[in-house]
Number of protein chains: 2
Amino acid sequence: MNNLRFSTAIHILVLLDKNQGELITSDFIAGSINVNPVVVRREIKLLREAGLIDAKKGKIGGCALAIDARKILLGDLYKIVNKENMLGRKNQPNPNCAVGRQMNGRLDELFDQTDTVLIETLNKQTVKDFSNQFE
Amino acid sequence: MNNLRFSTAIHILVLLDKNQGELITSDFIAGSINVNPVVVRREIKLLREAGLIDAKKGKIGGCALAIDARKILLGDLYKIVNKENMLGRKNQPNPNCAVGRQMNGRLDELFDQTDTVLIETLNKQTVKDFSNQFE
DNA sequence: TTTAATGTAACAAATTTTATTACATTAAAG
DNA sequence: CTTTAATGTAATAAAATTTGTTACATTAAA
């Protein structure tokens, strides 16, 4: 997770929460985050596919929350923007070594356990909880 | 944490635990992990600086655990090999936007909390616990 | 003195991440 | 029905990160 995806996604959702009832453009969002609008639209695509956001095309288009920010858990958001294990990747160890042969099986268990704890922890907070911290 | 560092480091420590009393070379370790020996030595450097490993130079050199594997917590290991936030990096938002201006402060809190929980979770297991899973 | 190891710097290659350009599509408004 | 302003997305470029490799200095045993 050495990227900007979680930060970008939560920034988008906070902006939409703070502007409920309006349609917000990706250019406006990009201006707040300070990244390229296409990067924002790529992130919005994922959030849309996950059912968090609705987008309207055409003139006077833009996007808005599809569900209440109180229903969006941060762990769910994390899962949308990150498909990898938190503890990173695995090597492809030597199968002729007893340790090497067993390593990835053990790491898979550890990685799964760790990801589960992380997501459960994040799920204790909603986007609304996070957004409410902003004045 | 989109890299091989944690997997590589724990692989090294398991090998050393499984070969207590011997000096193990970075070439042997590299053969088990299936990576370049210099990559192994780079990781060993960190583990050495953290006091987990001793290395002996010269002919019949190699490395060994400096402390008992039962004293090495996985959370401590994680901190040695990863200096970034688990949830990734932060943008440099627009300070002229009310949300953008506050975003990184809020993310810092969330990121710190999350890292703390992860590390505490990992600290429930030692390298020995992990190593004992290997036949 | 030779040999086999660590230690590390310097650089190359590969992969991942982000930025940019271009353009098709959509829908409102004149 | 044409213009305008937005999304949607593909293709590519650029930047940054990660891993691999080469080279060589240093160390210590034989």
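Each chain gets a letter, A, B and so on, in the order its sequence line appears, and its residues count up from 1.
- B:Glu84 and B:Arg89 are not joined by a salt bridge, as no carboxylate oxygen comes within less than 4.0 angstrom of a charged side-chain nitrogen.
- Checking D:dG8, C:dT8, D:dT7 against the side-chain heavy atoms of B:Arg48 singles out C:dT8 as nearest.
- When both pairing distances are held under 3.5 Å, C:dG30 makes a Watson-Crick or G-U pair with D:dC1.
- Taking only side-chain atoms of A:Ser26, from C-beta outward, the nucleotide of C:dT16, D:dG20, D:dT7 with the closest atom is D:dT7.
- Each of C:dT8, D:dG8, D:dA30 was ranked by its minimum atom distance to the side chain of A:Lys57; first place goes to D:dG8.
- A sub-4.0 Å separation between OP1 or OP2 of C:dT6 and a side-chain N or O of B:Arg41 is present.
- Rounded to a whole Å, the CZ atom of B:Arg5 is 9 Å from the C1' atom of D:dT18.
- With salt bridges taken as basic N to acidic carboxylate O contacts below 4.0 Å, one links B:Asp108 and B:Lys90.
- Nearer the 5' end of DNA chain C, as judged by each residue's closest nucleotide, is the contact made by A:Val39, out of A:Val39 and A:Ile60.
- If you measure from atom NZ of A:Lys83 to atom P of C:dT17, you get 14 Å, rounded to the nearest angstrom.
- Contact between the side-chain N/O atoms of A:Arg42 and the OP1/OP2 oxygens of D:dA10 is not found at any separation under 4.0 Å.
- Taking every side-chain heavy atom of A:Ala55 into account, D:dT7 is the closest of D:dT7, C:dA28, D:dG20.
- For the pair B:Glu43 CD and C:dT6 P, the interatomic distance rounds to 15 Å; values are reported in whole Å.
- Residue B:Asn2 places none of its side-chain N or O atoms closer than 4.0 Å to OP1 or OP2 of D:dT18.
- Although no hydrogens or angles enter the test, the distance criterion places a donor-acceptor pair under 3.5 Å between the side chain of A:Gln102 and the main chain of B:Glu135.
- Within 4.0 Å of B:Leu4, counting heavy atoms only, lie sugar-phosphate atoms of the nucleic acid but no base atom.
- Residues B:Val38 and B:Lys59 both approach DNA chain D. Their nearest nucleotides, taken by heavy-atom distance, put B:Val38 toward the 5′ side.
- Checking the phosphate oxygens (OP1, OP2) of C:dT16, no side-chain nitrogen or oxygen of A:Asn3 falls inside 4.0 Å.
- Summarising the geometry, the separation between CG on B:Asp54 and C1' on C:dA5 is reported as 16 Å, rounded to the nearest angstrom.
- One atom, CD of B:Gln92, and another, P of D:dA16, lie 11 Å apart when rounded to the nearest Å.
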Exercise for review: Apply side chain to side chain contact (heavy atoms under 4.5 Å, CB included) to the pair B:Met103 and B:Asn91, showing each step before the final yes or no.
Suggested key: CA-CA 9 Å; B:Met103 182 59 63; B:Asn91 292 291; over 6 Å; no
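- One hydrophobic cluster holds both A:Ile29 and A:Val35 under the rule that ILVMFWY side chains link at heavy-atom gaps under 4.5 Å.
- Checking C:dA19, D:dG8, D:dT17 against the side-chain heavy atoms of A:Val35 singles out C:dA19 as nearest.
- In the hydrophobic clustering of ILVMFWY residues, with side-chain heavy atoms under 4.5 Å counting as a link, B:Leu46 and B:Val127 come out together.
- When both pairing distances are held under 3.5 Å, C:dT3 makes a Watson-Crick or G-U pair with D:dA28.
- Summarising the geometry, the separation between CG on B:Leu23 and C1' on C:dA5 is reported as 10 Å, rounded to the nearest angstrom.
- Residue A:Asn36 is in base contact, counting any heavy-atom pair closer than 4.0 Å across all strands shown.
- The CG-C1' distance, from B:Leu46 to C:dG7, rounds to 13 Å in whole Å.
- Atom pair B:Arg89:CZ and D:dT18:C1' shows a separation of 12 Å (rounding to whole Å applied).
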